[in-house]
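Scroll down for the structure; my scribbles are underneath it.
Chain naming here is simple, since letters A, B, ... match the order of the sequence lines and numbering starts at 1 in each.
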2 protein chains.
Amino acid sequence: MSRTAAKSLLLDASLLRDAEALHSALSGLLRVYQFRDRDRICCYDISVTQCYALEELAEKGPSRSQSLAEALLLDKSTTTRVVDALVRKGYAKRRPDPDDARAVILCVTAAGRKLYEKINRELIQQQAELLRDFDPGLRNGATKVIEGLARAAQARFVSGVSVGRCDPACGTDAVAARCG
Amino acid sequence: MSRTAAKSLLLDASLLRDAEALHSALSGLLRVYQFRDRDRICCYDISVTQCYALEELAEKGPSRSQSLAEALLLDKSTTTRVVDALVRKGYAKRRPDPDDARAVILCVTAAGRKLYEKINRELIQQQAELLRDFDPGLRNGATKVIEGLARAAQARFVSGVSVGRCDPACGTDAVAARCG
DNA sequence: CGAGTATCGTTGGCAGTAACAACTAATGTC
DNA sequence: GACATTAGTTGTTACTGCCAACGATACTCG
């Protein structure tokens with residue numbers, strides 16, 4: 001055990017350096033892409049979150065409100081309101097669930113699918129322009145790396161029990177507010 | 001030119017596939033990390049955007065409101081309000097700019113720096129845990145890829161003239177709202 | 001069966017995010 | 001010194017996101 005501990009300590013220095021670099025790089029990436037999404041998606045008729053919801057419904061098919069919330073990592077109340085907006089704008093609709101009178105089935109309308117596909121095409125087109133400057137061999141690798149990172153982050157940050165989060169180790173003092 | 005065009009067409013198929021895969025992977029990554037940030041940062045006393053602002057001021061030093069807005073890719077009015085919150089909570093302060101009576105100099109307070117460093121340490125620690133499962137050779141590569149992607153996206157999505165965005169080619173019809 | 005409990009989704013309330021437009025005050029420019 | 005420009009703030013609107021409370025339905029077990 002002491003050997004392992006020593007080794008782990010040795011690794012820690014470089015690991016922390018890497019973690020810091022990754023953190024910094026990811027911050028930048030997130031910022032730019034959030035900006036891009038605001039900028040592009042909001043040129044149309046819906047907000048970014050609304051578009052994510054539309055995407056989820058369009059790609060994965062009809063869904064209950066709760067599973068949509070889980071997929072989007074949103075609170076159920078937020079999901080209700082996001083769907084409200086989509087319904088109001090005619091891009092989604094709610095149907096009663098025949099199996100459970102409490103639940104609703106959410107699905108996209110034809111207009112919703114059309115809009116989603118249009119936005120999606122544009123976003124992908126933008127990625128294509130960006131990738132065009134990359135070495136073809138790197139392109140695939142980049143996606144692989146992102147996917148791996150996303151998977152790892154999903155597993156680690158979105159605590160196993162699906163919705164429950166903020167494990168006891170969260171922060172050290174001012175945790176009370178949201179994690180109490 | 002026709003040869004180039006033909007070649008470009010040939011490339012387009014694989015390029016589009018790659019773009020689609022990247023788009024999808026990035027969507028997931030963004031979603032998980034946004035969730036993580038909400039979850040971790042909001043355990044403390046500030047919101048995600050407020051933390052980004054704090055970070056910018058702590059890492060890059062005092063700054064005018066406008067350059068902070070540019071760095072965060074936010075509207076100047078949003079920036080004003082984000083800073084309002086930080087000032088109210090005692091993490092930042094505004095000082096008059098001796099060179100220009102219209103401008104203000106924004107800087108973090110000691111409490112602000114302390115809070116930022118604490119949050120930052122935690123976020124980096126989380127990345128380290130995540131990276132621990134990665135092959136050491138891959139770790140560095142991952143960061144490189146993310147950095148490259150962020151740079152390319154910055155250059156491409158954040159149109160050259162710093163703040164001006166939504167070029168004429170944006171979307172095709174419903175552009176009016178924000179880009180008119 | 002029927003009381004108690006759990007779950008599904010909605011609503012209310014609050015703070016924050018984000019944009020555009022209009023505005024004030026200070027600078028520049030001619 | 002008039003006129004446009006720039007820096008930052010404020011007003012307005014819509015959306016995000018959380019927690020808590022609620023009504024309605026479903027489950028459970030005595």
Could you tell me which residues satisfy side chain to side chain donor-acceptor pair (under 3.5 Å) with [X], sequence neighbours excluded, listed by chain and number?
X	answer
A:Arg102	A:Asp100
A:Lys89	A:Gln50
A:Thr109	none

Open item on the list: Nearest to the side chain of A:Ser65, heavy atoms from C-beta on, is which of C:dC20, C:dG9, D:dG17?
Closed with: C:dG9

Task: For B:Tyr52, ring pair (Phe, Tyr, Trp, His ring centres under 6.0 Å) partners two or more places apart - done: none

Open item on the list: Run the side-chain contact (heavy atoms from CB on, under 4.5 Å) test on B:Val83 and B:Arg94 for me, step by step, so that the C-alpha distance in whole Å, both residues' side-chain angles and the decisive distance to 0.1 Å come before the verdict.
Closed with: CA-CA 9 Å; B:Val83 173; B:Arg94 284 186 244 249; 3.6 Å; yes

Open item on the list: Taking atom types as they are modelled, would you say the side chain of B:Arg81 forms a donor-acceptor pair with the base of D:dT12 within the 3.5 Å cutoff?
Closed with: yes

Task: No-H, no-angle donor-acceptor pair, A:Thr49 side chain to D:dC15 base, under 3.5 Å - done: no

Nearest whole angstrom, please: distance from the [atom2] of [N] to the [atom1] of [X].
X	N	atom1	atom2	answer
B:Leu68	D:dT9	CG	P	11 Å
A:Arg64	C:dT10	CZ	P	12 Å
B:Asp37	C:dG16	CG	C1'	15 Å
B:Asp45	C:dG16	CG	C1'	13 Å
A:Asp75	C:dG12	CG	C1'	13 Å
B:Leu72	C:dA18	CG	P	9 Å
B:Leu74	C:dC20	CG	C1'	15 Å
A:Arg38	D:dT16	CZ	C1'	13 Å

Task: Partner of A:Tyr116 under side-chain hydrogen bond (donor to acceptor under 3.5 Å, both in side chains), chosen from A:Glu56, A:Arg121, A:Glu59 - done: A:Glu59

Open item on the list: Here's a test of your reading of the structure: between B:Thr80 and A:Ser77, which maps to the more 5' nucleotide of DNA chain D?
Closed with: B:Thr80

Only counting residues at least two apart or in another chain, list the ones meeting salt bridge (charged side-chain N to carboxylate O under 4.0 Å, His left out) with [X].
X	value
B:Arg113	none
A:Glu129	B:Arg156
A:Arg64	A:Asp97

- [ ] At under 4.0 Å between heavy atoms, which parts of nucleotides 22-30 of chain C does protein reach? Answer with one letter per nucleotide, 5' to 3': B base, S sugar-phosphate only, - none.
- [x] ---BBS---

Task: Estimated bend of the helix from C:dC1-D:dG30 to C:dC30-D:dG1 (axis per five terminal pairs, rounded to 10 degrees) - done: 10°

Open item on the list: Under 4.0 Å from OP1 or OP2 of C:dT17: is there any side-chain N or O of B:Gln50 that close?
Closed with: yes

- [ ] With sequence neighbours excluded, tell me which residues meet side chain to side chain contact (heavy atoms under 4.5 Å, CB included) with A:Gln126.
- [x] A:Arg36, A:Arg40, A:Leu123, B:Phe157

TODO: Would you check if the side chain of A:Thr79 reaches a backbone N or O of A:Asp75 as a donor-acceptor pair within less than 3.5 Å?
DONE: yes

Task: Those residues of residues 88-96 of chain A lying under 4.0 Å from DNA chain D by at least one heavy atom - done: A:Arg88, A:Lys89

Please report, to 0.1 Å, the donor-acceptor pairs under 3.5 Å made by any side chain of residues 21-33 of chain A, with sequence neighbours excluded.
{"from": "A:His23", "atom 1": "NE2", "to": "B:Asn120", "atom 2": "OD1", "distance (Å)": "3.0"}
{"from": "A:Ser27", "atom 1": "OG", "to": "A:His23", "atom 2": "O", "distance (Å)": "3.0"}
{"from": "A:Tyr33", "atom 1": "OH", "to": "A:Gln127", "atom 2": "OE1", "distance (Å)": "3.0"}
{"from": "A:Tyr33", "atom 1": "OH", "to": "A:Gln127", "atom 2": "NE2", "distance (Å)": "3.2"}

TODO: Scan B:Thr78 against the nucleic acid and name what it touches under 4.0 Å (heavy atoms): base, sugar-phosphate only, or nothing.
DONE: base

